[in-house]
Amino acid sequence: MPTYFIGDVHGCRRTLEALLKRLRPKAGDSVVFMGDLVDRGPDSKGVVDIAWQLQASGIQTVCLRGNHEQMILDALEDRYCRENWLELNGGPQTLESFGVSKPEDIPQKYMEFFQAMPLWYETEGYLCVHAGVNFYFPDPLEDTISLLWARRWYGDINYEWLGNRILLHGHTPMPLETIEQQLQRLDQQRYLNLDNGCVYAPTHGDKGLGHLLAFQADTRQLHVQPFVG
Ligand SMILES: [Mn+2]
């Protein structure tokens, strides 16, 4: 019953399909998405639909909320957030995947899904967050802004609080080489980034980015799927 943790998909539906074709998860297995399923890439709707198909086929599927799902929710509430999402954060591609021109027209069941996404998830000794953790909070999992947005927190890790858990996260694209080094030092450092910037393959492929990653809990194997355009 393997558990697979999948990094930031960002609408790269074809790449996700290629990765799942290799992993072949079965009923009873678990798939955990690290957030940012949507925005920037060509088919955000299709990525959410795949997550729903996995769940429907008996695979326990968890989709963490990333800052990009949060931005869609916020776009409905606030004009500044809406402009920010549309101008800087790949919102138009997401709207296009739904065949709509404004966030109000995204079907309600998708918005309810984004709203219901958990901000963290713990399983088999792995604590999963989208972005990071604010270790200066009395309860680090209560700083929801950091769970969605934090960067550069490795130096702040409170190992006493973390205990024997390993922190998995996404959000900050890092070169594959860096991520493979983290994997080698997993027992000492106890963190692993699963965001290799899949969606940036066309623009930053030469900088070590551009793969969709899946980390398999039982074997500690890193599955590396190159971007499929
Ligand atoms: Mn993010």
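No experiment lies behind these values; they were computed from the predicted model shown. First listed ligand is number 1; within each ligand, the first listed atom is number 1.
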task = Run through Leu19, Leu37, Leu213, Val32 and flag the one making a side chain to side chain contact (heavy atoms under 4.5 Å, CB included) with Ile6.
result = Leu19
ask   = Hey, what's the angle at the Mn ion (ligand 1) spanning ND1 (His171) and OD2 (Asp36), nearest 10 degrees?
value = 170°
task = Go through the side-chain N and O atoms of Tyr136 and Asp156 and say whether any donor and acceptor fall under 3.5 Å apart.
result = yes
query = Under a 4.0 Å N-O cut-off, is there an ion pair linking Arg79 with Glu83?
reply = yes
task = Please find out if the Mn ion (ligand 1) and some N, O or S atom of Thr172 are separated by less than 2.8 Å.
result = no
remark   = Test ring-ring contact (aromatic ring centres under 6.0 Å, His included), reference His169, set Tyr154, Trp120, Phe5, output is Tyr154
ask   = Short check: any N/O/S atom of His68 below 2.8 Å from the Mn ion (ligand 1)?
value = no
